[in-house]
Number of protein chains: 2
Amino acid sequence: MIETVDAGVAAERTSVLLIDDDARIRQALGLALDDEGFTVEAAASGEQALTMLRDNDVDVVLLDLTLPGVDGLVVCRTLRARSDLPIIIVSARSDSGDIIEGLEAGADDYVTKPLDAGELAARIRALLRRRRPAVGEAGRRFVLGDVEVVPDEGVVRKAGVEIHLTRTEFRLLVELLSAGGRVVTREALLQHVWGYDYLGDTRLLDVHVRRLRRKVETDPDEPCLVLTVRGAGYKVARG
Amino acid sequence: MIETVDAGVAAERTSVLLIDDDARIRQALGLALDDEGFTVEAAASGEQALTMLRDNDVDVVLLDLTLPGVDGLVVCRTLRARSDLPIIIVSARSDSGDIIEGLEAGADDYVTKPLDAGELAARIRALLRRRRPAVGEAGRRFVLGDVEVVPDEGVVRKAGVEIHLTRTEFRLLVELLSAGGRVVTREALLQHVWGYDYLGDTRLLDVHVRRLRRKVETDPDEPCLVLTVRGAGYKVARG
DNA sequence: GCGAAAGCTGACGATTGTTTGACGATGTGG
DNA sequence: CCACATCGTCAAACAATCGTCAGCTTTCGC
């Protein structure tokens with residue numbers, strides 16, 4: 001089943017930036033979080049951290065407050081001013097005043113040392129749940145000729161103007177687009193768009209392709225976006 | 001006509017639901033959080049809490065784990081299944097295992113007793129910052145065709161003149177506007193506008209959409225602002 | 001060319017989802 | 001206690017979408 005391949009938006013590991021000046025802690029936490037399924041980058045100072053944030057994709061920041069040079073809280077505020085990245089302060093100072101100050105500086109959570117890596121991981125995960133509309137297939141967008149498809153928004157535009165597709169038509173189109181120009185067999189289409197193993201009239205597919213073409217093609221009688229592959233199935237034209 | 005004014009009360013206090021079976025704690029925390037600027041509702045059991053959530057507007061839930069009857073973690077999972085309300089577990093159990101379990105049950109934060117009210121307040125505020133995709137705290141303003149909506153003031157104007165929406169209509173409209181043109185499923189609307197686990201007649205939604213259109217659309221029979229997405233839900237037209 | 005297989009097409013009920021007006025319950029203010 | 005606003009429910013009307021069919025056209029091997 002070829003379909004599965006493309007759907008494989010492989011679960012990317014979450015990347016954590018650990019800012020701590022103590023090498024042993026960087027080492028220990030790094031290993032522990034790695035075990036928990038995170039990729040850990042480490043920085044020993046605020047400056048270094050800011051540089052790394054510019055160059056790397058980071059999902060969460062772990063910030064120690066006692067840093068050499070710039071104060072941890074200042075780093076926190078700077079980070080927060082630049083992005084809305086989740087920040088967890090990891091600090092040895094454990095009294096309420098410090099915690100309040102840290103949270104008020106823009107941190108999302110504050111954990112005190114000594115800390116349990118499992119707990120930290122759980123807190124990171126809890127925070128990530130809140131991140132963005134964690135839409136499954138985020139940010140996908142297809143362009144096919146003068147047609148633009150945004151699966152997340154359920155929107156299709158032709159030459160810039162929004163056109164309306166029915167649910168079936170929409171799924172059919174996305175299914176074809178997902179194959180990126182390769183042929184999708186009739187069977188596969190029936191299976192994916194209609195579900196399980198469809199048994200009814202197989203003309204069903206033709207009919208819907210036609211309805212789709214009517215809306216999507218500039219000249220429905222001379223399709224150049226959704227193409228028939230005789231004896232096999234359908235495909236979309238290659239970009 | 002309190003409803004009108006109430007529709008979009010400016011600077012509404014954040015409402016906290018405190019679930020704890022110990023009356024003294026309810027009393028003490030209630031007072032302390034009140035000082036911090038929160039409105040506190042209290043429930044002594046999970047069942048009571050669920051009822052209150054149906055009837056009241058709550059922004060955050062504080063949940064004690066040791067409840068009579070149903071286990072706190074179960075309450076937590078139930079809440080989470082029904083809504084994405086911020087949940088902070090407040091518990092006497094302080095070991096990592098418990099904390100991990102709590103966070104994994106869907107809680108956003110876990111604080112241990114004895115606790116400092118100031119810290120708790122700071123954690124609540126930190127959590128609220130993360131709330132919802134982009135609930136810009138203040139100064140939100142939507143424009144939809146010739147309709148202007150100012151959530152903070154609870155005011156809706158059409159072609160410059162103020163029109164009156166009932167509370168439900170107002171929330172419905174804001175909910176749709178917040179999605180910025182994306183489709184909002186019927187489910188999501190029922191959940192966000194009506195409450196956590198609305199079970200009644202689902203025609204309810206249609207009826208209110210209609211009433212909303214009557215007031216908002218220039219030609220209610222040909223809606224061009226609040227659009228139906230058959231089989232899915234509703235959306236507002238894109239600006 | 002011919003005929004069969006594969007695909008295309010327009011039309012037509014059936015189904016499902018939405019709209020609509022009306023009604024009764026509830027709550028608030030006069 | 002009445003008048004009014006708002007809400008939730010219902011049933012009938014309406015509309016979009018779907019699946020099916022029967023006839024037509026294209027393609028391709030012979």
Side-chain angles (χ1 to χ4, degrees), chain A residues 154 156 163-173 176 183-187 189-191 193-217 219-235, chain B residues 1-8 54-57 154 156 163-173 176 183-191 193-195 197-217 219-235:
Chain A
V156 181
I163 59 178
H164 171 70
L165 299 190
T166 71
R167 231 209 308 231
T168 318
E169 288 156 4
F170 188 82
R171 282 201 238 160
L172 181 55
L173 178 55
L176 285 168
V183 180
V184 187
T185 66
R186 298 176 70 94
E187 276 152 12
L189 285 171
L190 284 169
Q191 191 164 111
V193 178
W194 278 267
Y196 47 96
D197 11 69
Y198 183 81
L199 293 174
D201 188 347
T202 162
R203 290 281 68 83
L204 181 63
L205 177 54
D206 311 50
V207 172
H208 279 276
V209 166
R210 157 146 245 282
R211 306 214 245 240
L212 176 59
R213 282 174 173 160
R214 273 213 178 125
K215 296 181 178 176
V216 162
E217 298 277 355
D219 177 3
D221 293 330
E222 187 103 0
C224 61
L225 301 178
V226 178
L227 309 174
T228 303
V229 182
R230 194 183 165 82
Y234 295 90
K235 67 176 182 179
Chain B
M1 226 181 267
I2 288 187
E3 300 296 353
T4 325
V5 182
D6 176 21
R54 233 192 310 277
D55 304 334
N56 301 311
D57 267 341
V156 181
I163 59 178
H164 168 70
L165 298 190
T166 71
R167 209 218 308 245
T168 313
E169 288 155 4
F170 187 83
R171 282 204 238 164
L172 180 56
L173 179 55
L176 285 169
V183 180
V184 188
T185 65
R186 299 179 137 261
E187 244 175 18
L189 285 170
L190 285 170
Q191 190 166 103
V193 177
W194 276 268
D197 54 346
Y198 184 82
L199 292 174
D201 189 349
T202 157
R203 292 281 66 84
L204 179 63
L205 176 54
D206 311 50
V207 172
H208 278 274
V209 166
R210 157 152 242 281
R211 307 215 243 243
L212 176 59
R213 281 175 174 160
R214 275 213 176 124
K215 297 181 179 178
V216 163
E217 297 276 356
D219 176 3
D221 292 330
E222 186 107 358
C224 61
L225 301 179
V226 178
L227 309 175
T228 304
V229 182
R230 192 182 165 84
Y234 294 90
K235 67 177 181 180

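Residue numbering restarts at 1 for every chain, and letters A, B, ... go by the order of the sequence lines.
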(Q) Measuring only between side-chain heavy atoms, which start at C-beta, is A:H208 closer than 4.5 Å to A:W194? (A) yes
Q.
Quick check: on DNA chain D, is the nucleotide nearest B:K215 upstream (toward 5') of the one nearest A:H164, or the reverse? Name the residue that is more 5'.
A. B:K215
Q | Sub-4.5 Å side-chain heavy-atom contact between B:K235 and B:V184 | A | no
Q. Would you say C:dT16 has OP1 or OP2 under 4.0 Å from some side-chain N or O of A:R167?
A. no
Q. What integer distance in Å separates A:W194:CH2 from C:dT15:P?
A. 19 Å
Q) In whole angstroms, how far is the P atom of C:dT20 from the CG atom of B:L212? A) 13 Å
Q. Once you round it to whole Å, what is the distance between C1' of D:dT17 and CG of A:L204?
A. 12 Å
(Q) Run the side chain to side chain contact (heavy atoms under 4.5 Å, CB included) test against A:T228 and tell me which residues pass, sequence neighbours left out. (A) A:R213, A:Y234
Q. B:D206 side chain: which of C:dT20, D:dT17, C:dG10 is closest?
A. C:dT20
**Q.** Summary of salt bridge (Lys or Arg N to Asp or Glu O under 4.0 Å) pairs that have at least one residue in residues 163-173 of chain A, sequence neighbours excluded
**A.** A:E169-A:K215
(Q) Are the side chains of B:L205 and B:L172 in contact, using a 4.5 Å heavy-atom criterion? (A) yes
Q) Are the side chains of A:T185 and A:E187 in touch, meaning some heavy atoms are under 4.5 Å apart? A) yes
N/O-N/O pairs, protein side and nucleotides 23-30 of chain D side, under 3.5 Å:
{"from": "D:dT27", "atom 1": "O2", "to": "A:R230", "atom 2": "NH2", "distance (Å)": "3.2"}

Q) Does B:R210 reach the side chain of B:V207, with side-chain heavy atoms less than 4.5 Å apart? A) no
Q: Nearest whole angstrom, please: distance from the P of C:dC8 to the NE2 of A:H208.
A: 14 Å
Q | Given C:dT18, C:dG7, C:dG21, the nucleotide with the shortest approach to the side chain of A:Y234 | A | C:dG7
Q) Of all the choices, C:dT18, C:dG21, C:dG10, which nucleotide is nearest to the side chain of B:R214 once you look at every atom? A) C:dG21
Q | Whole-Å gap separating C1' (D:dG8) and CD (B:E169) | A | 13 Å
Q) Could you state the CG-C1' distance from A:L205 to D:dT20, rounded to the nearest angstrom? A) 14 Å
Q. D:dG19, D:dG8, C:dG10: which one has an atom nearest the side-chain heavy atoms of A:R210?
A. C:dG10
Q: Between D:dC7, C:dT18, D:dT17, spot the one nearest the side chain of B:T228, thanks.
A: C:dT18
Q: Let me know the distance between CZ of A:R213 and C1' of C:dG10, rounded to the nearest Å.
A: 16 Å
Q) For B:V209, which contact category applies under a 4.0 Å heavy-atom criterion: base, sugar-phosphate, or nothing? A) nothing
Q.
Is there, by distance only and without an angle test, a donor paired with an acceptor across the side chain of B:R211 and the base of D:dG8 below 3.5 Å?
A. yes
Q.
What is the distance, to the nearest angstrom, from the CG atom on B:L172 to the C1' atom on D:dC7?
A. 13 Å
